[in-house]
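Single-structure report; data block below.
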Amino acid sequence: MAQQSEVAASSSWPAQFLHYVSRRRQRFYGIIAIMVVMLAAATFIYGGFATGIDFGSYVPRPKDALPPAHNSGATGADGITHGGNGANGGHPPVQTQIPVAPGTQTQTETGTETQTGSGSGQSTTQTQTQTQAPAVQVQPGIPTKIWQILLPKSSSKSKDNFVADPKILAETPTWLAKNPDYTYTLVGQKGGDEFVRKHFGDNARLVEAYTQMPNVGMKSDLLRYLILSAEGGVYTDTDTVALRPIDGWVPEKYRDKAAVVVGIEFDRRDGPGWTDISHWVQFCQWTIAASPGHPVFGKMVDRILASLDDLVAAHGVPIGKLGKLDSFEVMNSTGPAAFTDVVFAQLQEYDPSLSDTKDLSYMEEPKLFGDILVLSIDGFGMGQPHSKSTSDGSIPEDALVRHLFSGAWRGDGKKRRM
Ligand SMILES: *[C@@H]1O[C@H](CO)[C@@H](O)[C@H](O)[C@H]1NC(C)=O
């Protein structure tokens, strides 16, 4: 009874409303009402597209890629296909040290000493281990922090009040559940801006590069290196699944030595070269673990700034006007090709016998070089149809993370899964 009268009451309000209007007006208001509903629906749908986010991850695309032999000459001619042309990819040796950690003395490009970070106690672990010594002392071990980045696509009209579909974070609980006592931070646009200002605010060039980044994927790339440099912990893309607790990532025997953990995403082995992959073995940057202040991230920032200079020179426009870059330009400026150059150069510093990333091919188990632990393909790169990655549906023993490859960084708006 009560229910019925409620229904009756709720269905009577339009009747009451319509009671006030004439027949003719009823039709008029009816049309207005339909238009309002249609407008609302259109806004909703458009908003859904406009707020599409970019995972900011560089997924190797061997699936789409063709071995050079099958490619049209165009690809080879513009220098995109180049199988394993050395660790440095023709990049000049890193000259400058960008601030790597709060309270660390570092050198800027002009050779003047600057001090980064106020050391205002935002991270006690850091301030204890980072001294004013010119050589950066990096403490082994990974701080108990997990970072993800969620930035609105550059094209989003509603960038300032960007709200993502919660489904984007569907895998995040795997990280939380497997890593109690780790702090978790989802860095958005505002947080990213603030982070850069707070930790690197006195590096005008870097702030400019961050602010002007031609696309959100590149911005997300730069931000992850800066976060790991200043705070350390684990950075992982939002489309990754945690398979094992982070505490167990570094094998026992390396725990007092490893300060950075990187994974392999591509290992050419004895196969042909792939479009857009310039190294024989490429590291991924969808997941990276690090102790704060490791020089590899400062060098990565230097590399990004150098790459931006090169791109600006090549295209003849300022950073902010670079607009659409091709996928290799992105991968080779902020993405995995650039990351591989820098990490491999660091490995070579530790082990001069390394001459090419090919020397890391066929790795079957994690290997420590200096303080950098390199995982074999399944560590971060399981489930891919290449590189001898385990992709039979099973989860191998040494798999730590599963990447779902749902990033839409190429700007074609299509989500792809492998
Ligand atoms: C990658 O980028 C670096 C830095 O901009 C540049 O020196 C190098 O030539 C590029 N590599 C290729 C293969 O284009």
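Numbers here simply count residues along the sequence, with the first being 1. Heavy-atom basis, side chains included; hydrogens, waters and symmetry copies ignored. Counting starts at 1 for both ligands and their atoms, following the listed order. Quick caveat: nothing in here was measured; it's all calculated off a predicted structure.
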Proximal ligand 1 atoms for Phe328, defined as those under 4.0 Å from one of its heavy atoms: 12 (C), 13 (C), 14 (O)
Enumerated ligand 1 atoms positioned under 4.0 Å from heavy atoms of Ser307: 4 (C), 5 (O)
Contact region, Asn332 to ligand 1, non-hydrogen atoms below 4.0 Å, reads both
What residues form a ring-ring contact (aromatic ring centres under 6.0 Å, His included) with Phe339, not counting sequence neighbours? Tyr225
Please determine if Glu208 and Arg205 form a salt bridge, counting it only when a charged side-chain N lies under 4.0 Å from a carboxylate O. no
With sequence neighbours excluded, residues passing salt bridge (charged side-chain N to carboxylate O under 4.0 Å, His left out) with Lys167: Asp165
Tell me if the aromatic rings of Trp175 and Tyr182 count as close, with their centers under 6.0 Å from one another. no
